[in-house]
Protein chains: 2
Amino acid sequence: MVMRAGRGVLPGIGKCTPQTSGLHDTSVFDMTTQMMIELIAVLTAVRDDVPQVMTIDHGRLLPSGPLESTHRSLQAGVRAWVERQTGHPIGHVEQLYTFADHDRLLATGQGRLIAISYLALTRSHAGETGWRDWYDYFPWENCKTDEGRDCLAIIERLLCRWVADMGNAAVRVRQWQRCVSLFAIGDMVVWNDELVLQRYELLYEAGLVAEAGCAPENAVPGQAMHHDHRRILATGMARLRAKIRYRPVVFELMPEEFTLLQLQRVMESLSGIHIHKQNFRRLIMQQQLVEETGGIEENTGGRPARLYRFCGEVRQARQFVGTKIPLFQP
Amino acid sequence: MVMRAGRGVLPGIGKCTPQTSGLHDTSVFDMTTQMMIELIAVLTAVRDDVPQVMTIDHGRLLPSGPLESTHRSLQAGVRAWVERQTGHPIGHVEQLYTFADHDRLLATGQGRLIAISYLALTRSHAGETGWRDWYDYFPWENCKTDEGRDCLAIIERLLCRWVADMGNAAVRVRQWQRCVSLFAIGDMVVWNDELVLQRYELLYEAGLVAEAGCAPENAVPGQAMHHDHRRILATGMARLRAKIRYRPVVFELMPEEFTLLQLQRVMESLSGIHIHKQNFRRLIMQQQLVEETGGIEENTGGRPARLYRFCGEVRQARQFVGTKIPLFQP
DNA sequence: TGGCTTATACTCAATATGAGCATAAAGGGC
DNA sequence: GCCCTTTATGCTCATATTGAGTATAAGCCA
C-alpha cells in the first residue's frame with residue numbers, strides 16, 4: 001500500500017535516539033508486559049453469487065497466525081499466512097482493526113495478546129476446503145432471501161421480549177429505539193446494510209447469539225465461531241459493504257470477464273440488498289468502469305449477454321475516483 | 001465504541017484452549033521476538049477557525065506513550081495518555097492504523113515496535129501549550145489561502161522537475177499522471193481533499209519533504225516532525241476530512257452553541273475547501289442536525305445570527321444516519 | 001408458433017445540487 | 001437621518017442525479 005521508492009523507507013522509530021520532553025517523560029517503555037501479535041484475515045471470495053469466507057477448524061476460526069520475525073511488514077505477514085493456506089495470491093488487502101482488550105490475556109496470564117485483523121479479497125477458489133458462506137454465520141444479514149427474512153422475524157420477536165424485560169422505562173425506550181434503527185423494525189426505518197457489526201453486538205448484548213462454548217436457549221440462527229472471530233468477520237463484512245459503494249473493489253472478486261448481471265448479482269449478494277437492474281447498468285456504464293471484451297455469454301437462459309472487463313488500468317491514472325452504486329431498499 | 005452490557009465481555013482468546021487443525025499448525029507463537037506497543041494520538045481541535053493538532057517536543061512529536069498493563073483497552077490507553085496531557089476529556093476517539101514495518105525496530109535491534117495510532121477530537125483548549133496548526137505541517141493542503149496556493153505552485157514546479165529527471169519514458173508518463181491527479185495540476189482534474197496521505201507520500205518519494213534529521217535542498221514548505229509522526233498526522237487529517245462528509249463528527253469540535261457561519265468555517269478549514277454559503281445552510285437545516293437555541297450572536301460584523309446547537313441526542317435513536325455536506329471546488 | 005427467459009434501450013417524474021438574486025438587519029461615518 | 005459595508009436569511013432556477021417503469025431484442029424450448 002505504502003510506496004517507498006526514491007529515498008528509501010520513511011524514518012523508523014527505532015533509528016532515532018529517544019526524544020524526551022516535559023510531557024513525554026514516559027518514553028521508557030514498559031518492558032515487564034509480554035506482548036504477542038496475532039494476524040487474523042477475513043478472506044472473502046464469491047462463488048456462485050454467494051459471498052464466502054475462508055475458515056479453518058471446521059468453520060470455527062478465521063485463518064490466523066502470529067507475526068513472525070521474518071515478516072517484512074504486517075501486511076506481508078497476512079499475505080504470507082493467507083497465501084500459504086489458499087495457494088493463490090490475494091488482490092486487495094486492507095487493515096480492519098486492532099484489538100487488545102483487557103480480557104485478551106495470554107494463556108499464562110502474564111502477557112497481552114494483540115490481534116490485528118485484515119480484510120483480504122481473492123478471485124476464485126476451485127475445490128479448496130475451508131470456504132463457508134457469509135450467511136451461515138449471519139443469516140439475518142441476507143435480506144434478499146426468505147431465510148434471511150424469516151431470521152429477522154425471529155430476531156424481532158426475541159428483541160421485543162428482551163426489551164420488555166428491562167426494569168427502567170427510559171432504558172426500555174432507548175434500547176427499543178436502537179433495535180428499531182439497527183434492524184429496521186417497522187416501516188419508519190430503512191435497512192442499513194453496513195451496520196453488520198452493530199447488529200451483531202446488539203444481539204450479543206441481548207444474549208441471543210451462540211458462540212463456541214456457550215449457547216443460550218433462545219439463540220438466533222447462525223453458526224458460532226471460536227474466540228471473537230465472528231465479531232471480526234462482522235467487521236470485515238461491514239467494511240466490504242461500505243467499500244464497494246465508493247471504491248471499485250468488487251472487481252477483485254470478479255473473474256476476468258463477466259456480464260453486467262453477474263456483476264450485479266455479486267454486488268447484491270455482498271450487500272444483501274436488491275438492485276434495480278436498469279439503473280445499475282446505467283451507473284456502471286456512465287462511470288466507464290468496464291469495457292466490452294467483444295465476447296458474448298451464451299448461457300444466460302435468455303438473450304445472450306455481452307462480456308465486460310474491468311478497465312481499472314486506464315483509471316489508475318485518475319485514481320481514487322470513487323464508484324457510485326445504486327444500492328437501495330426493496 | 002463497543003458496548004458490552006448484559007452478558008459480560010465477548011469471548012477472549014486467552015480463555016480457550018488453543019485450537020489446532022491441519023491448516024493452523026503454527027498456532028504456537030513465536031516467543032523469541034520482543035514486541036512493544038506504542039499508542040499515538042492525532043488529537044485535533046479547532047481554534048479561531050484553524051484546525052490544530054496537539055504536539056509535544058516543540059511540535060515535533062505527536063502525543064504518544066506505551067501501552068501499559070493498567071490500561072483496560074487500547075482506547076482506554078489512548079484516552080489516559082491524551083487526558084493526562086490535555087486536562088479535559090476527549091469526545092470522539094477512533095482507531096487510525098497500526099504500523100509495524102520491518103524498519104520499526106527497537107533500539108536494541110532485538111525486537112519490534114508496533115505503533116497503534118488514533119484520531120481523537122476535543123472541543124476547546126484555553127491557553128494550553130502544544131497546539132499547532134495543521135497547515136504548519138501541510139501548507140499545501142490549505143487551498144483556501146494564498147499561502148496554500150503558493151505552496152502548490154512550488155510543488156508543481158518541483159514535481160515537474162522530478163518527473164523530467166526519470167530515465168524511462170513510460171515511467172515518466174505514469175508518475176506525471178499520478179502527480180496530476182493527486183495535486184490537481186491543470187484543469188482536467190479536480191482537487192480531492194481526502195488524499196492527504198497519498199500526496200505526502202508522493203512528495204516523500206520525490207524527496208521533497210524535510211523530516212527531522214534530513215532536509216533536502218529543495219524541500220517544500222512545511223514543518224518537519226520526528227519519526228513518521230507527520231505521516232500519521234496526514235493519516236488523521238485524511239480520515240477526519242473523509243468522516244465529516246458522512247458522519248456528524250464536526251460537532252465534537254464545535255462549542256455548545258454556534259452560528260451556521262461558524263460551523264461552515266470549521267468545515268471549510270478542516271477540508272481546505274470553499275463552501276457555497278446558502279447551499280450549506282440548506283443542507284444542514286434539511287437534515288435536522290441542529291436546532292435553534294433561541295439565542296443570538298451579536299458580534300457578527302453584520303446582521304446578528306441565530307445560535308444553534310447540535311441535536312444529536314434526538315438523532316442517536318436513528319443512529320448512523322449520515323451527514324451530507326456540500327463540499328465542492330471553487 | 002407461442003411462451004419463457006434475460007438483455008438492452010429509452011422515457012418520465014421526483015429529487016438533489018450548484019449557482020445566483022433579493023431582502024433583512026446590524027454598525028459606522030457623515 | 002442617510003448611505004455604505006457587512007453578514008444573515010429566504011427564495012428562485014437551471015441542471016444533474018436518481019428511482020421506477022415501459023418497450024423492444026434475442027436467445028431457448030415445448
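Throughout, a chain's letter reflects where its sequence line sits, starting with A, and its residues are numbered from 1.
- Straight-line distance from the CD atom of A/Gln287 to the C1' atom of D/dT17: 12 Å, rounded to whole Å.
- Between B/Lys277 and D/dA8 there is a side-chain polar atom (N or O) within less than 4.0 angstrom of OP1 or OP2.
- Of the possible donor and acceptor atoms, one in the side chain of A/Tyr135 sits under 3.5 Å from a partner among the backbone N and O of A/Ser269.
- Among all heavy-atom pairs drawn from A/Phe258 and A/Val290, the shortest one is CZ-CG1, 3.9 Å.
- Within 3.5 Å, a donor on the side chain of B/Arg282 pairs with an acceptor on the base of C/dG18, or the reverse.
- Atom pair A/Gln262:CD and C/dA7:C1' shows a separation of 13 Å (rounding to whole Å applied).
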If you restrict it to nitrogen or oxygen atoms, what contacts under 3.5 Å exist between nucleotides 23-25 of chain C and the protein, and what is each distance?
{"from": "C/dA24", "atom 1": "O4'", "to": "B/Arg303", "atom 2": "NH1", "distance (Å)": "3.4"}
{"from": "C/dA24", "atom 1": "N3", "to": "B/Arg303", "atom 2": "NH1", "distance (Å)": "3.2"}

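- Here A/Arg241 does not pair with A/Glu194 in a salt bridge; the nearest charged N to carboxylate O distance is not below 4.0 Å.
- When each of A/Arg265 and A/Gln278 is assigned the nucleotide of DNA chain C bearing its nearest heavy atom, the one mapping closer to the 5' terminus is A/Arg265.
- Computed from coordinates, the B/Glu292 CD to D/dA8 P distance equals 14 Å when rounded to whole Å.
- Remark: A/Arg199 qualifies as a cation-pi partner of A/Trp191 under the 6.0 Å distance and 45° angle criteria applied to the six-membered ring.
- Regarding B/Ile296, its CD1 atom lies at a distance of 11 Å from the C1' atom of D/dA8, rounded to whole Å.
- In terms of modelled atom types and a separation under 3.5 Å, the side chain of A/Glu252 and the main chain of A/Val249 share no donor-acceptor contact.
- The CD-P distance, from A/Gln264 to C/dT6, rounds to 12 Å in whole Å.
- A/Leu261 comes within contact range of the sugar-phosphate backbone alone, with a heavy-atom separation under 4.0 Å but no base atom that close.
- Comparing atom distances between the B/Thr300 side chain and each of D/dT12, C/dT11, D/dT7 picks out D/dT7 as nearest.
- For the pair A/Leu283 CG and C/dT8 P, the computed distance is 17 Å after rounding to whole Å.
- Atom P of nucleotide C/dT6 and atom CD1 of A/Ile275 are separated by 17 Å, given to the nearest angstrom.
- Salt bridge A/Asp193/A/Arg245: present, at least one basic N to carboxylate O contact under 4.0 Å.
- Atom-to-atom, NE2 of B/His276 to P of C/dC21 comes out at 10 Å; the value is rounded to the nearest Å.
- Of the listed nucleotides (C/dT8, C/dT17, D/dG19), C/dT8 has the atom at the smallest distance from the side chain of A/Arg281.
- Between A/Glu94 and A/Lys243, at least one side-chain nitrogen of the basic residue sits less than 4.0 Å from a carboxylate oxygen of the acidic one, meeting the salt-bridge criterion.
- Residue contacts for A/Arg306: at a heavy-atom cut-off of 4.0 Å it reaches the sugar-phosphate backbone alone, with no base atom in range.
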